[in-house]
Each structure stands twice: as structure tokens, then as C-alpha cells.
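Comments concern the structure below.
Chain A is the first sequence line, chain B the second, and so forth, proteins listed ahead of strands; every chain is numbered from 1.
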Protein chains: 2
Amino acid sequence: MSISKTYTISELAREFSITTRTIRYYEDEAFLSPRREGQQRIYAEKDRVLLKLILRGKRLGFSLNESKGILALYEPGGSNQHQLQSMLNLLREKQESLRRRLEDIEMMQSDLLEAEERIFRALTDGQANGDPDSHEQN
Amino acid sequence: MSISKTYTISELAREFSITTRTIRYYEDEAFLSPRREGQQRIYAEKDRVLLKLILRGKRLGFSLNESKGILALYEPGGSNQHQLQSMLNLLREKQESLRRRLEDIEMMQSDLLEAEERIFRALTDGQANGDPDSHEQN
DNA sequence: GTTCTAGTTTACGTAAACGTAAACTAGAAC
DNA sequence: GTTCTAGTTTACGTTTACGTAAACTAGAAC
């Protein structure tokens, strides 16, 4: 058991390009519970991982509360039959919602490809199209 | 040119499982501009597509303003050299951000798979693990 | 002619996720 | 010993994306 690395609040803020306010807010919302050293917060690797997961969730459009569900899956946690079952259910749900998001991304990507082609054609076809005002002037 | 289908506000609300308030809000924010018939709004297929795109963006965690950028790519729009170039730039940006989101999804999916295995093992291994309190009682 | 039903405008309210300012603490650097 | 620098608490403010209520309109059904 080596003493694993710790982080200050501003180190984490810098790494993830967020403000310290945001990190403290997540603590208020019980996502993080850093150790204290005197008055200061000391973050362990575990906190850093949690933070990363939260932010990843955010980028995918999960609310903090939705992410909370996901985070629960990472905790060793009390594990009787019943709890494990409901964790499995939650897991399936999240997997489903990820699949849907994946579809959304794929559709959007193919839309963007189409748009790209259109723009490319408009650029190369000469200006013999659309807006008659589209000459170099101005 | 066949007269393409039109929709009332509540038809669209039902189809996409949103409220009419939301649809009117999007109009206030200039995402939609349905035709009027007397006092009522009449939505064309075009509006329906826009709505779908907005909602897809939302599911992917794009703010309405971010989606606004994407929507601009679908409009025929004034197309002089300069405008086309900046559209291409915007397009690249959006493609990049989609790629990043795709990575996020993939990481989260593999995380979920790991979690699934852990839970499965905990379920099948008998209860000889972790929390010593995990017996059937209660 | 009134009573649904769906639609409309106006406007104040709200939850989530922070931003921002003020006032304080405490070690480090000079 | 004071002056950075980073950290802290407290608390009010702000933006986004709608919710919700009130008061009105207008065709359809009876």
C-alpha cells in the first residue's frame, strides 16, 4: 500500500479546466468528500476519478443526478441479493441510454457529412448557384 | 410540388413527448417560425425536422445555442466564398466535438461492462465477499 | 346558446449548475 | 511584521430551459 498521490483543489481545477467553485459545489452535492488537513481539502486519486466520471457524464448530457446513479455502480457498496439486482437494473438502463446516445451521434455524424458535401460542392462548383450576390465583392 | 403535410403544435408535442410550452419557447428563441393560420400555428415538415435536430442535440448535451450552430448548416443560406469557409470550419468543430463525445461513450460503456462483471461475480460467487453483512437477513 | 377542446398571450416562478463578491485564515517569501 | 498566494465560508446573483397559472379566442359538438 503505497501512499497514493493527493491533489489540491486548484490542481484538479487546472487539470479539468473547471473552477474551484465547481469542485466545491460537487462536494456540497455529495459527489466528493475530500479529506481535510487543517482547513484545506486534500483530494485522493479516488476523488479525481469521480470528478472525471462526473465531467464525462456532463459532456454526454447527463445531469448530475443521473451521473449519481452511475457513480453508485463504482462503489464497492453493500451487496446483498436485492441491492445487486437493482444495481444490475440500473446498469441495463444506463447501457440502454448510452446506446441511444450512440445512435444520436451516428445520425448527427451522417447529417454533418451530408452538409459537408453540400458545402464542398457549393465551394467547388463555381458560384453558379443559389444567392446571385455571391461574388467576390466585399 | 405536392402540398406537404402540416402539423399542429400538440401533434408535434405528442410525437416528441414534449410540451407545447417547449415548442413555443423554441420559437421565441428563433429556432422555429411556423406559419400562422388565423391565430394558430401551423408547422411544416421543415419545422418538424428542425425540432428533431434540436432534441437530438439536447440528448447529446448540446445547449440550445450550440445546436443553433449546427442548424445553420442545414439552411441553404447565403453562400459566398467567405460564408462557406466559415461554415466548413464550424462543421469541423462540430465533427470534432462529436468524436470526443463518441470517445466518452466508449469509455463509459467499457466502464459499465466492468461494473457489470463485478456485480455478476458478486451475485454468483455466493456471498463470500466484501461486506460481511451481506446475508439474506432483512 | 353554451360547453368542450385546442389553441393563444402574458407573465411570474423554478430547478440545476454554477458565477461572483466579501470577508476571513494561514503558511511562505521577503 | 507585512505582503503574497492559495485556500476557506457565506451568501446573494445569474443563465438556461422550461413549468405553471390566468385570462382570452374560436371552431365543433350538443
Think K68(A) forms a cation-pi with F31(A), using NZ or CZ under 6.0 Å from the six-ring centre and within 45 degrees of its axis?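 Checked: cation-pi criterion met.
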
Check whether F62(A) forms a cation-pi arrangement with R101(A) (NZ or CZ under 6.0 Å from the six-membered ring centre, at most 45° off the ring normal).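 Yes; both conditions hold, so R101(A) lies above the ring face of F62(A).
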
Could you check how far [atom1] of [X] sits from [atom2] of [N], rounded to whole Å?
| X | N | atom1 | atom2 | answer |
| --- | --- | --- | --- | --- |
| E27(B) | dG7(C) | CD | P | 14 Å |
| I42(A) | dA6(D) | CD1 | C1' | 12 Å |
| Y25(A) | dG19(C) | OH | P | 11 Å |
| Q39(A) | dT9(D) | CD | P | 6 Å |
| E11(B) | dA6(C) | CD | P | 12 Å |
| I18(B) | dT20(D) | CD1 | P | 15 Å |
| L55(B) | dC18(D) | CG | C1' | 13 Å |
| I23(A) | dT20(C) | CD1 | C1' | 17 Å |

Okay, side chain of T22(B), backbone of I18(B): is any donor-acceptor separation there less than 3.5 Å?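 Between the backbone of I18(B) and the side chain of T22(B) there is no qualifying donor-acceptor contact (under 3.5 Å).
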
Check: E114(B) side chain, D111(B) main-chain N or O, donor-acceptor pair, under 3.5 Å: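 Flag not set: sc E114(B) to bb D111(B) has no pair under 3.5 Å.
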
Listed nucleotide nearest any side-chain atom of [X], set [options]:
| X | options | answer |
| --- | --- | --- |
| I9(A) | dT8(D), dT16(D), dT8(C) | dT8(D) |
| T8(A) | dT8(C), dA16(C), dG7(D) | dG7(D) |
| Y26(A) | dC18(C), dG7(D), dA17(D) | dC18(C) |
| R36(B) | dT16(D), dT8(C), dT25(C) | dT8(C) |
| R21(A) | dT20(C), dT25(C), dT16(D) | dT20(C) |
| S63(A) | dA17(C), dT8(C), dC18(D) | dA17(C) |
| K58(B) | dG7(C), dG7(D), dC18(D) | dC18(D) |

Taking any heavy-atom pair under 4.0 Å as a contact, classify R24(B): base, sugar-phosphate, or nothing.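 Here R24(B) touches the bases of the nucleic acid.
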
Under 4.0 Å, heavy atoms only, any strand: does T19(B) hit a base, just the sugar-phosphate, or nothing?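 Contact class for T19(B): sugar-phosphate only.
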
Are any of the side-chain nitrogens in E96(A) or R92(A) under 4.0 Å away from the carboxylate oxygens of its partner?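 R92(A) and E96(A): not salt-bridged.
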
Partner residues of L90(A) under the side chain to side chain contact (heavy atoms under 4.5 Å, CB included) criterion, sequence neighbours left out: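 L90(A): side chain to side chain contact (heavy atoms under 4.5 Å, CB included) contacts with L73(A), E93(A), K94(A).
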
Does [X] make a side-chain N or O approach to OP1 or OP2 of [N] shorter than 4.0 Å?
| X | N | answer |
| --- | --- | --- |
| R41(A) | dT8(D) | yes |
| T20(A) | dA6(D) | no |
| T22(A) | dG19(C) | yes |

Dot-bracket summary - DNA chain C, pairs being Watson-Crick or G-U whose distances fall under 3.5 Å, with | when paired to another strand: ||||||||||||||||||||||||||||||

Just by distance, with hydrogens left out, do Y7(A) and E45(A) show a side-chain donor and acceptor under 3.5 Å apart?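 Per modelled atom types, Y7(A) and E45(A) side chains form a pair under 3.5 Å.
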
Contact between E116(B) and L88(A) at the side-chain level, heavy atoms closer than 4.5 Å - yes or no?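 Contact flag for E116(B)/L88(A) side chains = yes.
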
